[in-house]
Number of protein chains: 2
Amino acid sequence: MPKENAHSKTDTHLTMRVVDHFSAMIEDGRLHPGDQIPPERDLARSLKMSRASLRAGIGYLAAMGVMNVRHGVGTFVADGPPELGKASISLMGALHGFQPWQMFEARKILEGQLAALAAERGTEAHFTALAEELAEMYATINDPAEYLIHDVRFHRMIAKAAGNPILAALMETVTSALYDDRRKTAERSRGLKQSADLHKELYRAMRAKNSAEAQALMEHHLSMAQSAQDREIAAVPRRRVSGKSKSSRTANTSR
Amino acid sequence: MPKENAHSKTDTHLTMRVVDHFSAMIEDGRLHPGDQIPPERDLARSLKMSRASLRAGIGYLAAMGVMNVRHGVGTFVADGPPELGKASISLMGALHGFQPWQMFEARKILEGQLAALAAERGTEAHFTALAEELAEMYATINDPAEYLIHDVRFHRMIAKAAGNPILAALMETVTSALYDDRRKTAERSRGLKQSADLHKELYRAMRAKNSAEAQALMEHHLSMAQSAQDREIAAVPRRRVSGKSKSSRTANTSR
DNA sequence: TGACTTTTTGTGGTCTGACCACTAGAGTAC
DNA sequence: GTACTCTAGTGGTCAGACCACAAAAAGTCA
């Protein structure tokens, strides 16, 4: 396996030369989040390669979430919240057979711990922000789509309050795979009341700096969510895939 | 804000059309890990786009670790162990200022939980494999480079025994950021004896299905490793860095 | 003056088709 | 058999042109 290691000088692939170039600039502090890089035409000339090759490298960085390319505007160093692996989890699920219960298990561990840490380390500002999202959740209890937005923000704020951006990024990675499905599946309103109440308890536990309770409540909350989803799946059976087409080594991609 | 997402039919970017195309094929089961996709020239014709655009999409998938491109041979669907985000964490560290202690905190949580799960779910085959790696560790106790290989395998086997590939992939993501540095820093031999003994205790706890003890031992082990790294940093002061940018490329000595 | 519309400018996105570089296997000589 | 050479197939790079989009500038009209 070509375990490409960072910062090889004689890297043959031009793509990797570009990646290394920008990696070095970022790690050296010559590039910061939000910075715009020069136009592709100029950059290609100064790096002595064709624009096509340069674009391959930029595309690679963009896929990793390090760069942010905006058509007609420019290319920027990513500045938003850290995102690891992006959509890869959903693909990885298909590739390696991730099971829904495994996702929830991972979430329980990560978010449970995050809630505990937030209880210990959260500041007044964090708790205030949590309270505001909580209020919004109650206010939009009859609008599942809107509710979901504040629900997500609430969880994200907990991650922020926990003070560990790495754990927050990992949570984001796992969660994002489930987000799309949830967005499409408008939840029943009656479920939202119960959900909001649970969040309120969670909020109180964190504000009281009771980390053990916060963790337990979070895990309980996610268990409920898991049950809800299981029921959803049972109600709307998923399409089944035809058997193992192990046929030829070369897959036919055209329809 | 533009949370671009999956499976848009009218996606303007050709790059994303390619990504969606293969994502769909993978999720439908028409493509499996290890499968080879058709040559770029044929594929470009059948997808009705230029080879350049097709390559952009393939490059994107390759960056996400979904595809595996081999010059002169062909392009394949990834079949190795799941890897989320690849090298992104080290870059993210530079971008968002990840601190070493945050990495260890994340590791403690993930690997601690993994050890507990392994104790509960591990099979005889798993424990046997662990015992073999343990033996290799004692055998190579005077060869830090070789020792490290078995050390990593030991931890990886724990992750496998835990039976949750998502958590395993997350651990891999966090750990890989530290691996390169560790490889360069030859450890002290006397530290390895202590490390091996700790792994042995850990092994025994797991085999005895004592999940609580396994988790505690793993966390203790990682705490020791963290202390060792802190000493390493203190002994070899880093080059000064300006402002907020701080290199995450530091040595990790003990495990 | 002020607000709206049109044009210009600068950026990334795509196309074409040619040629280079690598790999693996077939063919050949010994 | 072994080692070498050749060849076909694949991804990698190049060049230059043109398209599409977004923001800013210029023009237009009340």
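Each chain gets a letter, A, B and so on, in the order the sequences are listed, and its residues count up from 1. Keep in mind that what you see is a predicted model, and the values were worked out from it rather than measured.
Here D:dT13 is the nucleotide among C:dT16, D:dT13, D:dC14 with the atom lying nearest to any side-chain atom of A:Thr15. Set against C:dT16, D:dA22, D:dG12, the side chain of A:His13 has D:dG12 as its closest nucleotide. In this structure, of D:dA15, D:dG12, C:dG13, it is D:dA15 that holds the atom nearest to the side chain of A:Ser50.
Applying the 3.5 Å distance criterion, the base of C:dG17 shares no donor-acceptor pair with the side chain of B:Arg41.
When atom types are taken as modelled, the side chain of A:Ser50 and the backbone of A:Ser53 share a donor-acceptor pair closer than 3.5 angstrom.
The NZ-P distance, from A:Lys48 to D:dT13, rounds to 17 Å in whole Å. Whole-Å rounding puts the B:Asp42 CG to D:dT10 P distance at 7 Å. Taking atom CZ of A:Arg55 as the reference point, atom P of C:dT11 lies 14 Å away to the nearest angstrom.
Contact between the side-chain N/O atoms of B:Arg70 and the OP1/OP2 oxygens of D:dT10 is not found at any separation under 4.0 Å. When the side-chain nitrogen and oxygen atoms of A:Thr75 are compared with OP1 and OP2 of C:dT11, none of them lie within a distance under 4.0 Å.
Under a cut-off of 6.0 angstrom, the local environment of CZ in A:Arg30 is crowded, with over 12 non-hydrogen atoms contributed by other residues, nucleotides or ligands.
Residue-to-nucleotide proximity on DNA chain D shows that, of A:Gly72 and A:Met49, the 5′-proximal contact is made by A:Met49. Of the residues near DNA chain C, B:Ser53 and A:His71, the one whose nearest nucleotide (by heavy atom distance) lies more toward the 5' end is A:His71.
Note on B:Arg45 versus B:Asp42: salt bridge recorded, some NZ/NE/NH1/NH2 to OD/OE distance being below 4.0 Å.
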